[in-house]
Structures are given as structure tokens and as C-alpha cells.
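Working notes, beginning with the structure itself.
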Amino acid sequence: QVQLVESGGGLVQAGDSLRLSCGASGLTLSYNNMAWFRQAPGKDRELVAAIRYTGSTTYNGDSVKGRFTISRDNAKNTVYLQMNSLKPEDTAVYYCAASFPTYARTLSRPSDYDHWGQGTQVTVSS
């Protein structure tokens with residue numbers, strides 16, 4: 001049984017940093033594309049960042065580039081999202097997701113992911 005467990009969320013002030021962790025059991029992260037999504041109230045779930053099984057990374061839009069960094073520790077089977085210079089608009093529930101890479105799958109479409117964590121709340125106050 002696959003489980004993804006996120007941790008590291010919380011309430012912080014604008015400009016602070018957080019590091020989210022996603023530990024996996026039942027699958028090997030390095031064989032999968034891994035991603036962090038977020039969902040704010042009343043909005044669709046959106047891709048924040050992804051790391052392919054090859055190790056290459058991608059970030060969704062200019063809003064997080066240069067502030068967020070996705071990384072993976074294969075030995076710990078854990079994916080991280082380092083978030084710096086947080087802004088109130090980063091407030092959302094953040095989800096970790098895993099996708100076995102196939103030709104037709106994208107990184108940005110939530111329906112292309114096989115497994116999801118339960119989510120961790122990030123709240124940034126101004």
C-alpha cells in the first residue's frame with residue numbers, strides 16, 4: 001500500500017521560510033515523477049513544482065520561481081519543498097503527489113498522478 005505523508009506546514013509571517021517534507025512508503029520516489037501541488041480556498045489545485053524521475057525540476061510560473069525549491073533524497077525516499085520569502089498568496093493546503101512516468105502524462109495535471117498525500121496547511125500572514 002502506497003502512502004505519502006506530508007509534514008512541515010504551519011502559520012508563518014510574510015518573508016519567513018518553511019520546508020515541507022513528503023515521506024513515501026510502498027513506492028520508490030526515484031522511479032516516479034514527484035510534485036507539490038497547492039489548493040487555496042475556492043481555487044483549483046495547481047502545480048507548484050515537480051521533480052522528474054530523472055532528477056530534473058520544473059516550477060509553475062513566475063510566482064514561485066526563485067523562492068521555492070523542490071528536491072529529493074533518494075536514501076530517505078523523501079521529497080522536499082523549500083519555500084523562502086513566503087507571501088500571503090502562498091497560503092493554501094499543499095499536497096505531495098506521485099506519478100509513474102508514461103509518455104502521455106503531464107506534470108501539471110492532477111489527474112495524471114497516481115498517489116496523493118493528505119495535505120499540509122501553509123498559512124502566511126501579512
Side-chain angles (χ1 to χ4, degrees):
Q1 182 181 356
V2 175
Q3 277 193 315
L4 301 176
V5 180
E6 302 103 331
S7 61
L11 171 62
V12 297
Q13 293 187 331
D16 286 350
S17 298
L18 280 175
R19 188 177 79 157
L20 305 183
S21 300
C22 172
S25 59
L27 86 167
T28 302
L29 296 187
S30 59
Y31 295 166
N32 287 266
N33 294 333
M34 300 298 300
W36 287 96
F37 284 77
R38 66 185 180 187
Q39 188 166 19
K43 295 188 176 182
D44 292 335
R45 192 169 297 191
E46 65 172 0
L47 175 71
V48 175
I51 182 165
R52 297 174 182 83
Y53 69 99
T54 59
S56 66
T57 59
T58 190
Y59 297 89
N60 187 24
D62 294 333
S63 63
V64 301
K65 283 181 182 177
R67 297 191 299 124
F68 290 9
T69 303
I70 188 171
S71 62
R72 184 179 71 204
D73 187 328
N74 292 339
K76 295 182 178 180
N77 214 31
T78 300
V79 172
Y80 303 98
L81 184 68
Q82 178 67 43
M83 304 186 294
N84 298 328
S85 302
L86 282 161
K87 304 176 181 180
E89 51 264 43
D90 295 319
T91 295
V93 178
Y94 284 70
Y95 297 92
C96 175
S99 170
F100 189 78
T102 61
Y103 179 75
R105 286 183 160 181
T106 71
L107 291 175
S108 60
R109 195 161 53 205
S111 60
D112 284 341
Y113 286 80
D114 304 301
H115 307 287
W116 292 84
Q118 80 287 354
T120 185
Q121 177 70 47
V122 172
T123 303
V124 184
S125 64
S126 57

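Since this is a predicted model, take the numbers as computed values, not measurements.
Under a 3.5 Å cut-off, the side chain of Ser56 and the backbone N or O of Thr54 do not form any donor-acceptor pair. Of the possible polar contacts, one joining the Asp73 side chain to the Ala75 backbone as a donor-acceptor pair under 3.5 Å is found.
Looking at heavy atoms from C-beta onward, Cys96 lies in side-chain contact with Met34 at the 4.5 angstrom threshold. Within the 4.5 Å cutoff, no side-chain heavy atoms of Asn33 are placed close to those of Ile51. At least one side-chain heavy atom of Val122 sits under 4.5 Å from a side-chain heavy atom of Met83. Between Tyr59 and Thr69, the closest side-chain pair of non-hydrogen atoms falls below 4.5 Å. In this structure, Ser30 and Tyr53 have side chains that are not in contact, with every pair of non-hydrogen atoms separated by 4.5 Å or more. In this structure, Ile70 and Tyr80 have side chains that are not in contact, with every pair of non-hydrogen atoms separated by 4.5 Å or more.
In plain terms, the two heavy atoms of Arg72 and Arg52 that are nearest each other are NH1-O, 3.0 Å. In plain terms, the two heavy atoms of Val93 and Gly119 that are nearest each other are CG1-CA, 3.8 Å. Scanning both residues, Lys43 and Gln39, for their nearest heavy atoms gives O-NE2, 3.1 Å. Taking every heavy atom of both residues into account, Gln118 and Leu4 meet most closely at OE1-O, 3.5 Å.
Considering CG of Leu81 and OG of Ser71, their distance stands at 8.5 Å, rounded to 0.5 Å. To the nearest 0.5 Å, atom CG of residue Asn60 and atom CH2 of residue Trp36 are 16.0 Å apart. In this structure, OG1 on Thr58 lies 7.0 Å from NZ on Lys65, to the nearest 0.5 angstrom.
Linking ILVMFWY side-chain heavy atoms closer than 4.5 Å, directly or via other members, places Val124 and Phe68 in a single hydrophobic cluster.
When the salt bridge (Lys or Arg N to Asp or Glu O under 4.0 Å) test is applied to Asp114, the partners found at least two apart in sequence or on another chain are Arg105. Remark: Arg109 engages Asp112 in a salt bridge (Lys or Arg N to Asp or Glu O under 4.0 Å) (not counting sequence neighbours). Residues satisfying the ring pair (Phe, Tyr, Trp, His ring centres under 6.0 Å) test with Phe37, not counting sequence neighbours, are Tyr113, Trp116.
Screening residues 85-98 for side chain to side chain donor-acceptor pair (under 3.5 Å), with sequence neighbours left out, gives Arg38-Asp90, Arg38-Tyr94, Arg67-Asp90.
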List, one per line, each side-chain donor-acceptor pair under 3.5 Å for residues 10-29, sequence neighbours excluded.
unit_1	atom_1	unit_2	atom_2	d
Asp16	OD2	Gln13	N	3.1
Ser17	OG	Asn84	OD1	2.9

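Side-chain contacts under 4.5 Å among hydrophobic residues (ILVMFWY), followed directly or transitively, place Val5 with no other residue at all.
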